[in-house]
S.K.: 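First, the structure itself, so that you have it in front of you.
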Amino acid sequence: WENRNSPAPYQNADRYMRTAPPAGVSADLEPDWVKRSDAPRAAWHDHRIHWMSPDLPPIVAENPARETVVNREWQVPYLHGGQELVVRGQLRWIPGPSPWPWVLAGLALTAPALTGLRRRPASDGRWLGLVRPAAVVLAAVAALNLVHVAHALLEAPLPLASRLLGVGQTGVFVGLAAFGALRGSQAREGGFAALGIGSAALLFGAGLLYLPLLGASQISGVLPAPATRMIVGLSIAQALPVGAVAAIGSRRAVLAGSRSRQAGTGLHVEGEG
């Protein structure tokens, strides 16, 4: 239940309390209790426990790379069964890790996509050997991002609408990546283009969109923070090897098609490529 005559519900809905309560609302009024949910839990921004500015605290700004105590003890009193209780905590600034190790690890794990570059086309003209390692890498990273989507759906304490919006955005890009991997693995006309589009979709929608997570000291959710960072790192790093295969494969396919057409017209072409 929530007291709509209190300023608190309106103030706590804004991270920095920049939303003014409606006129006539006061903590001195008789409570107007409105039922929010049947669930035995509620989540809100309690301004007593966090820093109330988008700017860093001055003590942190002096050296952001150092762990710093901003508030040695915050307190939130409450009533439970008529008993007065207090939740106590401490506000600390904890620097985030460097994002580079996750990106470099992602490059190492997605590098096998390049193994097909030494392959030649099959007898039917399809470049199966060239494209399939990259398609497998892209499909694997897309599958890992499905786990990340489920993680976002279960993440707390964001409202359900916010979680569904985030899941929907990421889901579209992951779906494009999965289609690109499937279409590319067939190595038919347009396969390399589909592979490139799928790789780009994963880069922007599942990698760069979540780039801040690589340097965040704290990540909320059901997955361990290293697992989340690894998935984001893979989503960013795959764009280099998979994108290279898509670009090089497209060029080779065009050149092969051009040579076939020239051979069909009786032209003799010499050279290496």
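Positions are given from 1 along the sequence.
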S.K.: Which pair of heavy atoms, one from W51 and one from Y16, lies closest together, and at what distance?
M.R.: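 For W51 and Y16, the tightest heavy-atom pair comes out as O-CE2, 4.2 Å.
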
S.K.: Would you say Q75 has more than 12 foreign heavy atoms packed within less than 6.0 Å of its CD?
M.R.: yes

S.K.: Going by the salt bridge (charged side-chain N to carboxylate O under 4.0 Å, His left out) test, which pairs reach into residues 97-110, not counting sequence neighbours?
M.R.: none

S.K.: I would like to know whether R229 and I219 meet side chain to side chain contact (heavy atoms under 4.5 Å, CB included); could you show each step before the answer?
M.R.: CA-CA 9 Å; R229 292 191 179 99; I219 300 177; 3.9 Å; yes

S.K.: Can you confirm whether W93 sits close enough to S217 that some side-chain heavy atom of one is under 4.5 Å from a side-chain heavy atom of the other?
M.R.: no

S.K.: Are there over 12 heavy-atom neighbours, none belonging to F179, within less than 6.0 Å of that residue's CZ?
M.R.: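 At most 12 heavy atoms, drawn from other residues, nucleotides or ligands, come within 6.0 Å of this atom.
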
S.K.: Output, in order, the C-alpha distance, side-chain angles, deciding distance and verdict of side chain to side chain contact (heavy atoms under 4.5 Å, CB included) for V141 and V242.
M.R.: CA-CA 11 Å; V141 179; V242 177; over 6 Å; no

S.K.: Which atom pair, heavy atoms only, marks the closest approach of R48 to P77?
M.R.: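 Answer, listing the atom of R48 first, then P77: NH1-CD, 3.7 Å.
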
S.K.: For a quick test of reading the model, state the closest non-hydrogen atom pair linking L202 to A177 and the distance between them.
M.R.: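 It is CD1-CB, 3.7 Å.
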
S.K.: So, do Y78 and V87 sit near enough that their side-chain heavy atoms are less than 4.5 Å apart?
M.R.: yes

S.K.: Applying the side chain to side chain contact (heavy atoms under 4.5 Å, CB included) criterion to Y210, which one of N145, T170, I231 satisfies it?
M.R.: T170

S.K.: Can you tell me if E84 has over 12 outside heavy atoms packed within less than 6.0 Å of its CD?
M.R.: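 12 or below, so no.
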
S.K.: Please tell me if the side chains of R66 and P95 come closer than 4.5 Å, counting only heavy atoms from C-beta onward.
M.R.: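 Side-chain contact under 4.5 Å: no.
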
S.K.: Identify the two heavy atoms, one from L214 and one from P99, that lie closest to each other, and give their separation to 0.1 Å.
M.R.: CB-CB, 3.5 Å

